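In what follows, a single structure is set out as structure tokens and then discussed.
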There are 2 protein chains.
Amino acid sequence: MANASTLEMALLGLIGQKPQSGYDLRKTFATTAMRHYSDSPGSIYPALRRLESRGLIAQVNANGGADSRKRQEFALTGAGKGSLVAWLERELTRDDVMLRLGELLLRFAFMDGNVPRSTTIRFLDQFIRELGVYAGERRAQFEQSSARMPLHTGLLAFEMGIKGMETQLAWAQEARTRLAEKLP
Amino acid sequence: MANASTLEMALLGLIGQKPQSGYDLRKTFATTAMRHYSDSPGSIYPALRRLESRGLIAQVNANGGADSRKRQEFALTGAGKGSLVAWLERELTRDDVMLRLGELLLRFAFMDGNVPRSTTIRFLDQFIRELGVYAGERRAQFEQSSARMPLHTGLLAFEMGIKGMETQLAWAQEARTRLAEKLP
DNA sequence: GTGCACATGTAATGTGTTACATGATTAT
DNA sequence: ATAATCATGTAACACATTACATGTGCAC
């Protein structure tokens with residue numbers, strides 16, 4: 001596992017937007033669309049310590065002397081910013097599309113402000129291509145299956161998965177158009 | 001964690017469809033729409049041992065005597081079937097819809113053959129109600145945000161999440177209609 | 001008789017979850 | 001002063017992943 005976990009990347013991305021404390025991050029996870037990350041201290045504080053020990057984030061508050069239970073704000077270091085950008089710029093693989101759609105969406109969400117617009121467009125192009133192939137294969141497989149056997153909940157669930165991919169595909173195409181319009 | 005993991009439930013559901021070996025299950029995870037479960041032996045064999053030790057599955061092959069590296073098939077026990085059905089029948093909560101959509105889809109997929117059609121319909125009704133409320137709230141929040149600030153990738157990703165929910169909502173409504181038609 | 005698919009397992013590691021614990025600050 | 005909220009942390013546990021290890025049976 002040379003790569004950091006997606007929780008760590010979510011933390012890097014958020015801290016990159018503005019320096020924050022562990023408590024701030026927990027609040028974000030508890031109250032926004034990033035709800036599916038746990039807001040429990042047992043996940044976030046250890047993750048912050050790991051990022052700190054790897055030199056990707058550093059404390060920035062003018063924390064007098066006695067630091068016992070005071071607010072500790074973190075900001076990205078140069079290395080942290082580099083690590084974030086490297087993650088955002090990673091080549092997108094078929095496996096990413098098949099297994100890690102959520103992570104791809106997180107990457108996309110953090111692109112503004114961290115990578116040039118052209119990188120975002122290229123990401124969407126790759127995304128559209130890979131997801132198009134995969135969704136097409138699944139759709140064909142579903143048509144075959146549903147012709148051969150009566151409709152049951154297993155098949156319906158399979159269809160739901162495919163419809164989800166098709167929605168994401170349509171969204172990506174529209175997003176690409178919208179972003180390309182204001183490229184300059 | 002009173003509940004078994006979702007991997008364990010996936011295994012119970014598959015074994016409930018027909019007795020299978022660990023290797024069969026790995027193949028299923030490696031080649032079907034259930035790809036996002038790891039097909040690594042390090043996850044599946046220990047999970048099978050756990051289910052066996054809890055008495056939810058049992059070996060069924062006429063395994064002569066020397067059992068060294070032979071194929072070992074498992075089937076659901078009575079307790080296993082009971083555990084599977086209890087999971088399928090669990091009341092659906094708001095949190096399930098917000099955080100565990102994948103698990104809900106898995107539950108739905110396994111309903112045929114394990115619970116009566118009326119239970120499946122009730123599940124969809126609850127799903128539609130809870131997801132409708134949640135997706136509506138998110139949509140309103142998105143409209144507010146996108147009116148207040150310029151469109152950026154974070155907002156676009158947020159919108160994608162909402163569109164996914166709306167797709168699932170529409171699918172659930174159609175599935176409910178289709179299943180209710182052939183209730184008798 | 002060598003290679004490949006079948007088939008099952010263990011050990012090391014990382015990390016997320018839950019539950020518990022505690023100090024600091026602010027409002028009443 | 002006392003309750004609520006802010007804020008950080010630890011310990012026990014379960015689990016997934018990766019890499020490694022090993023045996024079986026068949027085809028060529």
Side-chain angles (χ1 to χ4, degrees), chain A residues 1-12 15 19-31 34-54 56-57 59-74 95 99-100 102-103 106, chain B residues 1-12 15 19-31 34-54 56-57 59-61 63-74 95 99-100 102-103:
Chain A
M1 188 167 298
N3 322 325
S5 69
T6 135
L7 168 63
E8 287 175 2
M9 284 311 170
L11 293 173
L12 278 189
I15 291 172
Q20 296 182 63
S21 70
Y23 194 76
D24 293 336
L25 294 159
R26 287 180 60 202
K27 289 282 133 154
T28 297
F29 289 153
T31 61
M34 301 183 80
R35 240 184 200 60
H36 78 267
Y37 290 101
S38 166
D39 67 333
S40 77
S43 65
I44 290 175
Y45 292 111
L48 289 173
R49 290 292 152 229
R50 288 197 298 273
L51 293 173
E52 192 183 28
S53 76
R54 274 187 264 149
L56 303 181
I57 60 175
Q59 293 191 41
V60 288
N61 47 336
N63 186 351
D67 53 351
S68 53
R69 294 278 167 161
K70 289 269 192 58
R71 179 181 172 80
Q72 293 173 39
E73 275 192 354
F74 293 95
D95 271 7
L99 309 169
R100 289 178 290 269
E103 184 182 340
L106 188 70
Chain B
M1 189 168 296
N3 322 325
S5 70
T6 135
L7 169 63
E8 288 176 3
M9 286 309 170
L11 293 173
L12 278 190
I15 291 172
Q20 295 182 65
S21 70
Y23 193 74
D24 294 335
L25 294 160
R26 287 181 60 201
K27 289 283 131 153
T28 297
F29 289 153
T31 61
M34 301 182 79
R35 239 184 201 59
H36 77 267
Y37 290 103
S38 165
D39 68 333
S40 79
S43 66
I44 290 175
Y45 292 112
L48 289 173
R49 290 293 151 230
R50 290 196 299 274
L51 293 172
E52 192 184 27
S53 75
R54 273 187 266 151
L56 303 181
I57 61 176
Q59 293 191 40
V60 286
N61 48 334
N63 185 350
D67 53 352
S68 54
R69 294 277 167 162
K70 289 271 190 56
R71 178 182 173 79
Q72 294 172 38
E73 275 193 353
F74 293 95
D95 271 5
L99 308 170
R100 288 177 291 269
E103 184 182 339

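Everything numeric here is computed off the predicted structure, so don't read it as measured data. Numbers restart at 1 for each chain; the letters A, B, ... are given by sequence-line order, proteins then strands.
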Is A:Ile15 close to A:Leu25 at the side-chain level, that is, under 4.5 Å between some pair of heavy atoms?
yes
Do A:Phe74 and A:Leu12 come close enough that some side-chain heavy atom pair is under 4.5 Å?
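Side chain of A:Phe74 against side chain of A:Leu12, heavy atoms only: no contact under 4.5 Å found.
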Between A:Tyr37 and A:Ser43, is any side-chain donor less than 3.5 angstrom from a side-chain acceptor?
no
State which of [options] makes the closest approach to the side chain of [X].
{"X": "B:Pro41", "options": "D:dA7, C:dG9, C:dT15", "answer": "C:dG9"}
{"X": "A:Tyr45", "options": "D:dT18, C:dG9, D:dA7", "answer": "D:dA7"}
{"X": "B:Ser43", "options": "D:dG9, C:dG16, D:dT17", "answer": "D:dT17"}

Salt bridge (Lys or Arg N to Asp or Glu O under 4.0 Å) with A:Arg50: which residues, sequence neighbours excluded?
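For A:Arg50, the residues satisfying salt bridge (Lys or Arg N to Asp or Glu O under 4.0 Å) (neighbours in sequence not counted) are A:Glu8.
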Rounded off to whole Å, could you give me the [atom1]-to-[atom2] distance for the [X] and [N] pair?
{"X": "B:Arg54", "N": "D:dA14", "atom1": "CZ", "atom2": "P", "value": "10 Å"}
{"X": "B:Tyr37", "N": "D:dA16", "atom1": "OH", "atom2": "P", "value": "10 Å"}
{"X": "A:Arg35", "N": "C:dT17", "atom1": "CZ", "atom2": "P", "value": "15 Å"}
{"X": "B:Ile44", "N": "C:dG9", "atom1": "CD1", "atom2": "P", "value": "12 Å"}
{"X": "A:Leu7", "N": "D:dA16", "atom1": "CG", "atom2": "C1'", "value": "16 Å"}
{"X": "B:Leu11", "N": "D:dA16", "atom1": "CG", "atom2": "C1'", "value": "13 Å"}
{"X": "B:Gln72", "N": "D:dT22", "atom1": "CD", "atom2": "P", "value": "19 Å"}

OP1 or OP2 of [N] under 4.0 Å from side-chain N/O of [X]:
{"X": "B:Arg50", "N": "D:dC15", "answer": "yes"}
{"X": "B:Ser5", "N": "D:dA16", "answer": "yes"}
{"X": "B:Arg49", "N": "C:dG9", "answer": "yes"}

Can you tell me how far apart CE (B:Met34) and CG (B:Asp39) are? Round to the nearest 0.5 Å.
12.5 Å
From OG1 (A:Thr28) to CZ (A:Arg35), nearest 0.5 Å
11.5 Å
Look at all strands and tell whether B:Ser38 reaches a base, only sugar-phosphate, or nothing, counting heavy atoms closer than 4.0 Å.
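Sugar-phosphate, backbone atoms only, no base.
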Please work out which residues in residues 20-29 of chain A have a non-hydrogen atom less than 4.0 Å from an atom of DNA chain D and list them by number.
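Those residues are A:Ser21, A:Gly22, A:Tyr23, A:Arg26, A:Lys27.
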With B:Ser21 as partner, the option from B:Arg71, B:Gln72, B:Arg26, B:Lys27 fulfilling side chain to side chain donor-acceptor pair (under 3.5 Å) is B:Arg71
